[in-house]
There are 2 protein chains.
Amino acid sequence: MGRPPVKPSAALDRGLLPSLLGYVLRRAQSAVFDDFANTFAKAGEALTPGEFGLLVLVDRNAGLSQMALARALGIDRSTLVPILDRLQERGLLMRHRSPTDGRTHALALTPAGEKALARFARLVRAHEKRIASQLSAAEIRILIDLLEKVHTG
Amino acid sequence: MGRPPVKPSAALDRGLLPSLLGYVLRRAQSAVFDDFANTFAKAGEALTPGEFGLLVLVDRNAGLSQMALARALGIDRSTLVPILDRLQERGLLMRHRSPTDGRTHALALTPAGEKALARFARLVRAHEKRIASQLSAAEIRILIDLLEKVHTG
DNA sequence: GAGAATTTGTTTGATCCCCAAACAATCTCC
DNA sequence: GGAGATTGTTTGGGGATCAAACAAATTCTC
């Protein structure tokens with residue numbers, strides 16, 4: 001009669017999961033997302049990684065259409081609409097009329113959006129430093145490289 | 001007068017994004033998710049990576065409570081309820097009454113659930129092979145190792 | 001042992017992400 | 001000029017997520 005076979009707060013048996021690239025990737029991604037949210041919350045800002053990526057894309061490609069942006073983000077154009085609505089309501093971004101094509105909107109950051117993006121970029125740098133704190137510079141390069149290979153397929 | 005400065009279908013300028021671990025991680029994760037969905041769809045099965053992880057956890061830790069499972073998955077217990085509902089409706093999983101604690105449910109796979117999980121595991125192995133097709137065995141080990149470090153923080 | 005405090009699973013409510021289909025406005029191509 | 005394609009939007013339908021409130025059951029406290 002030893003103790004009952006159920007250990008009070010023992011770690012669960014995860015079976016083959018820890019050996020699966022997909023599983024480990026998902027967990028790392030989740031940890032990174034949490035740190036991102038935390039970093040911004042502590043700074044009194046509200047932004048998701050997706051929104052940050054979107055803002056950078058619009059910043060670096062002024063006049064972009066919504067279709068081109070949706071394609072670059074890998075989402076449907078209808079998914080993009082409420083996301084842009086929100087960013088526009090926050091005064092970070094504008095939908096201008098394209099002079100050459102009446103169907104499309106030429107996206108651009110507002111001056112306030114540019115300033116906010118600079119602020120966000122600073123937070124992202126701090127966030128990146130934190131999530132890579134256990135990695136050497138060489139390891140970070142390797143990791144990014146390998147992830148790129150996974151993405152390319 | 002060269003061509004206009006806007007190249008027709010040139011890749012967008014992604015600025016600093018490709019150098020950000022968080023960004024590259026998110027893209028890799030997205031590609032992996034797509035391949036997972038594809039693999040299962042082609043086999044006529046329907047399952048998400050999260051559901052697969054859940055099934056493995058229940059399989060390897062019979063009698064688990066919903067709270068313990070939610071903690072292991074890193075989600076709220078209220079989030080878990082509809083997920084279990086669906087799996088139960090599919091006949092893969094059961095909520096048994098715990099004989100020792102009337103508040104908790106003892107989770108377990110049904111026989112059909114066990115059989116389905118074996119089928120799923122085969123598909124996951126094929127999926128894993130595909131997403132890591134550009135990586136050597138050594139690289140996969142390194143990648144999993146580095147991702148684990150990111151997750152641990 | 002009785003009552004208070006905690007834990008568990010569930011429901012409800014609020015955001016959010018995602019896609020597909022339909023639609024009007026606009027452009028392109030013959 | 002008219003047919004067909006493209007663009008942004010709306011609507012509808014899944015899900016994922018959390019927070020708050022609740023009943024049932026257990027554990028703690030006196």
Side-chain angles (χ1 to χ4, degrees), chain A residues 6 8-9 26-27 29-34 36-38 40-41 46-54 58 63-90 93-108, chain B residues 6 8-9 26-27 29-34 36-38 40-41 46-54 58 63-90 93-108:
Chain A
V6 184
S9 61
R26 221 155 57 83
R27 301 194 94 205
Q29 156 71 22
S30 169
V32 167
F33 187 92
D34 287 351
F36 190 102
N38 239 306
F40 276 72
L47 204 76
T48 65
E51 288 168 337
F52 178 73
L54 187 157
V58 172
L64 205 61
S65 76
Q66 296 186 194
M67 263 308 289
L69 180 55
R71 250 192 305 267
L73 294 173
I75 63 177
D76 194 89
R77 65 190 196 278
S78 65
T79 302
L80 186 56
V81 173
I83 298 174
L84 291 178
D85 287 347
R86 203 160 358 103
L87 259 17
Q88 191 165 5
E89 275 161 29
R90 288 173 64 179
L93 170 152
M94 288 261 312
R95 292 188 243 224
H96 296 289
R97 265 274 242 359
S98 164
T100 67
D101 188 336
R103 295 168 300 179
T104 71
H105 288 162
L107 300 173
Chain B
V6 183
S9 62
R26 220 155 58 81
R27 301 193 94 205
Q29 156 70 25
S30 169
V32 167
F33 186 93
D34 287 352
F36 189 101
N38 241 307
F40 276 72
L47 203 76
T48 65
E51 288 169 337
F52 177 73
L54 188 157
V58 172
L64 204 62
S65 75
Q66 296 186 194
M67 262 309 289
L69 180 55
R71 251 190 305 266
L73 294 174
I75 63 178
D76 194 87
R77 64 189 196 281
S78 65
T79 303
L80 186 55
V81 173
I83 298 174
L84 292 178
D85 287 347
R86 202 161 358 104
L87 260 16
Q88 191 165 4
E89 274 160 30
R90 287 173 64 177
L93 169 153
M94 288 260 312
R95 292 188 245 224
H96 295 288
R97 268 271 247 358
S98 164
T100 69
D101 189 335
R103 295 168 302 182
T104 70
H105 288 161
L107 300 173

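By convention in this document, chain letters (A, B, ...) are assigned in the order of the sequence lines, proteins followed by strands, and residues within each chain are numbered from 1. Everything quoted here is computed from the prediction, not taken from an experiment.
- Residue pairs meeting the salt bridge (Lys or Arg N to Asp or Glu O under 4.0 Å) criterion with at least one member in residues 70-85 of chain B, sequence neighbours excluded, are B:Asp85-B:Arg95.
- Nucleotide C:dC16 holds its P atom 15 Å from the CG atom of A:Leu54, rounded to whole Å.
- Here C:dG9 presents its P atom at 13 Å from CG of B:Leu73, a figure rounded to the nearest Å.
- Distance A:Leu84 CG to C:dC16 P: 14 Å, rounded to the nearest Å.
- Per the geometry, CZ belonging to A:Arg71 stands 13 Å off C1' belonging to D:dG8, to the nearest Å.
- In this structure, A:Gln66 does not reach the D:dT6 phosphate: none of its side-chain N or O atoms is under 4.0 Å from OP1 or OP2.
- Contacts of A:Ala72 classified as side chain to side chain contact (heavy atoms under 4.5 Å, CB included), with partners at least two apart in sequence or in another chain: A:Leu57, B:Leu12, B:Arg14.
- If you measure from atom CE of B:Met67 to atom C1' of D:dC18, you get 14 Å, rounded to the nearest angstrom.
- Atoms CG and CG, on A:Leu54 and A:Leu69 in that order, are 4.5 Å from each other to the nearest 0.5 Å.
- Under the salt bridge (charged side-chain N to carboxylate O under 4.0 Å, His left out) criterion, B:Arg90 pairs with no residue at all, not counting sequence neighbours.
- One can place CD of A:Glu89 at 14 Å from C1' of C:dC16, the figure rounded to the nearest angstrom.
- Legend: residues meeting side chain to side chain contact (heavy atoms under 4.5 Å, CB included) with A:Asp34, ordered by chain and number and at least two apart, are A:Ser30.
- Under the rule for a side chain to side chain contact (heavy atoms under 4.5 Å, CB included), the partners of A:Ala31 that lie at least two apart in sequence or sit in another chain are B:His151.
- The separation between A:Leu47 atom CG and C:dC16 atom P is 13 Å, rounded to whole Å.
- Between B:Asp85 atom CG and C:dT10 atom C1' the separation is 9 Å, expressed in whole Å.
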Sugar-phosphate or base contact per nucleotide [nucleotides 17-26 of chain C; S, B, -; heavy atom under 4.0 Å]: SSBBBB---B
